[in-house]
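Please read all numbers here as calculations on a predicted model, not as lab measurements.
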Amino acid sequence: MIVIFDLDGTLLDTYNLIRESFIHVFNKHMPNYPLKETQIQSFFGPVLEDSFRTLTKDEVEIAAMVDTYRAFNIDKHDVYLKTFDGASEVIERLKKEGYRLAIYSNKRKDAIMRGLDLVGLTSFFEY
């Protein structure tokens with residue numbers, strides 16, 4: 001049997017990393033925009049391009065916002081990233097019990113692997 005986990009918000013507590021990444025994008029690209037916490041939260045889950053398309057239809061600006069987000073996110077990744085309490089123990093137990101483990105995420109593979117490597121969970125996941 002295979003158990004599939006979402007990465008952000010399930011195994012990895014990336015809330016502050018994602019939140020600060022969006023704030024950084026707005027500070028750089030839309031410094032006068034009245035960004036509210038509820039709007040930041042609405043960006044959690046959708047792909048970046050879709051989130052930024054709610055603000056502008058300019059594809060060049062959207063691409064620049066995505067680039068800014070990713071650069072900040074990569075730069076601050078290791079500072080903000082942590083696992084949820086008990087997540088590592090659950091993963092270890094499931095693996096010992098013979099479950100095959102997989103990750104599903106809209107993140108790029110290199111970002112997924114970096115997070116798993118940082119918290120020492122890479123070896124538990126096959127997919």
Side-chain angles (χ1 to χ4, degrees):
M1 175 179 259
I2 297 176
V3 179
I4 302 171
F5 288 89
D6 178 49
L7 186 65
D8 295 319
T10 302
L11 291 179
L12 302 182
D13 182 354
T14 54
Y15 181 82
N16 287 329
L17 174 63
I18 294 169
R19 182 181 178 279
E20 293 302 318
S21 297
F22 279 117
I23 290 170
H24 178 74
V25 168
F26 277 82
N27 286 341
K28 180 173 181 178
H29 293 273
M30 301 176 136
N32 297 320
Y33 185 87
L35 182 63
K36 295 184 171 94
E37 193 65 35
T38 54
Q39 187 169 30
I40 294 172
Q41 291 173 3
S42 75
F43 296 146
F44 282 68
V47 295
L48 293 172
E49 290 83 358
D50 291 347
S51 292
F52 295 136
R53 261 188 210 100
T54 66
L55 304 163
T56 181
K57 301 302 179 211
D58 182 340
E59 293 297 322
V60 172
E61 181 65 13
I62 290 167
M65 292 169 86
V66 168
D67 288 345
T68 298
Y69 178 97
R70 287 188 175 142
F72 181 89
N73 193 277
I74 288 168
D75 184 52
K76 301 298 181 187
H77 183 270
D78 297 359
V79 173
Y80 285 104
L81 189 79
K82 59 184 179 178
T83 58
F84 284 105
D85 290 341
S88 297
E89 292 81 6
V90 169
I91 296 302
E92 289 176 30
R93 183 172 178 185
L94 288 171
K95 194 67 173 180
K96 284 180 185 175
E97 291 180 7
Y99 289 92
R100 298 170 73 195
L101 306 178
I103 293 286
Y104 182 81
S105 177
N106 64 9
K107 276 188 171 180
R108 295 182 328 214
K109 184 177 180 179
D110 62 324
I112 293 169
M113 299 308 293
R114 182 174 176 176
L116 291 175
D117 286 346
L118 184 67
V119 298
L121 293 177
T122 305
S123 65
F124 294 96
F125 291 91
E126 294 179 52
Y127 307 102

- So, for G45 and N106, which heavy atoms are closest and what is the spacing to 0.1 Å? O-ND2, 2.7 Å
- Message: With a 4.5 Å cut-off on side-chain heavy-atom distances among I, L, V, M, F, W and Y, is there a chain of contacts connecting L116 to V3?
- Response: yes
- Task: Could you grab the distance from atom OG of S105 to atom CD1 of I4, nearest 0.5 Å is fine?
- Result: 13.0 Å
- Query: Can you name the closest pair of heavy atoms from T14 and G9 and give their distance?
  - Reply: OG1-N, 4.1 Å
- Message: Tell me the closest heavy-atom pair linking I112 and K107, and the distance in Å.
- Response: CD1-O, 3.6 Å
- Do D117 side-chain atoms and T122 backbone N/O form a donor-acceptor pair below 3.5 Å? no
- Would you check, one step at a time, whether the test side chain to side chain contact (heavy atoms under 4.5 Å, CB included) holds for I103 with F124? CA-CA 10 Å; I103 293 286; F124 294 96; over 6 Å; no
- Message: Using 0.5 Å steps for rounding, measure from the OG1 atom of T56 to the CE atom of M30.
- Response: 6.0 Å
- Message: Using the ring centroid of each side chain, check whether F5 and Y127 are separated by less than 6.0 Å.
- Response: no
- Message: Does Y33, at its OH atom, have more than 12 non-hydrogen atoms belonging to other residues, nucleotides or ligands within less than 6.0 Å?
- Response: yes
- Query: Hey, are R70 and D67 close enough for a salt bridge, meaning a charged N less than 4.0 Å from a carboxylate O?
  - Reply: no
- Name all residues meeting the ring-ring contact (aromatic ring centres under 6.0 Å, His included) criterion together with H24; count only those two or more places apart in sequence or in a different chain, and write none if there are none. F72
- Task: Measure across S88 and L121 and return the closest heavy-atom pair with its distance rounded to 0.1 Å.
- Result: OG-CD2, 4.0 Å
- Query: Could you go step by step and tell me if V90 and R93 meet the side chain to side chain contact (heavy atoms under 4.5 Å, CB included) rule?
  - Reply: CA-CA 5 Å; V90 169; R93 183 172 178 185; 5.8 Å; no
- Hey, any chance I18 and V119 share a hydrophobic cluster, counting ILVMFWY side chains that come within less than 4.5 Å of each other, even indirectly? no
Could you list the donor-acceptor pairs under 3.5 angstrom formed between side-chain atoms of residues 75-84 and any protein atom two or more places apart in sequence or on another chain?
| from | atom 1 | to | atom 2 | distance (Å) |
| --- | --- | --- | --- | --- |
| D78 | OD1 | R114 | NE | 3.3 |
| D78 | OD1 | R114 | NH2 | 3.3 |
| D78 | OD2 | R114 | NH2 | 3.4 |

- Give the intermediate values and the outcome of side chain to side chain contact (heavy atoms under 4.5 Å, CB included) for residues E37 and R19. CA-CA 9 Å; E37 193 65 35; R19 182 181 178 279; 3.0 Å; yes
- Message: Please enumerate all residues that pass ring-ring contact (aromatic ring centres under 6.0 Å, His included) together with Y15, with sequence neighbours excluded.
- Response: F44
- Message: So, taking the atom named CG in L55 and the one named CG in L35, what distance separates them when rounded to the nearest 0.5 Å?
- Response: 8.5 Å
- Item | Hphob cluster co-occupancy, V47 + F22, side-chain heavy atoms under 4.5 angstrom | no
- Under a 4.5 Å side-chain heavy-atom rule over Ile, Leu, Val, Met, Phe, Trp and Tyr, are F125 and I2 clustered together? no
- E20 side chain near I23 side chain, heavy-atom distance below 4.5 Å: yes
- Message: For residues L17 and Y69: do they belong to one hydrophobic cluster (side chain heavy atoms under 4.5 Å, members Ile, Leu, Val, Met, Phe, Trp, Tyr)?
- Response: no
- Residues S51 and F43: closest non-hydrogen pair is CB-CD2, 3.4 Å
- Query: In Å and rounded to the nearest 0.5 Å, what is the CE to CG distance from M1 to L94?
  - Reply: 10.5 Å
- Check the surroundings of atom CG in D85: do more than 12 heavy atoms from other residues, nucleotides or ligands lie under 6.0 Å from it? no
- Locate the shortest heavy-atom distance separating K57 from I62; write the atom from each residue and the value. C-CD1, 4.3 Å
- Report the C-alpha separation of M65 and R53 in whole Å, then their side-chain angles, then the decisive distance to 0.1 Å, and conclude whether the side chain to side chain contact (heavy atoms under 4.5 Å, CB included) test is met. CA-CA 10 Å; M65 292 169 86; R53 261 188 210 100; over 6 Å; no
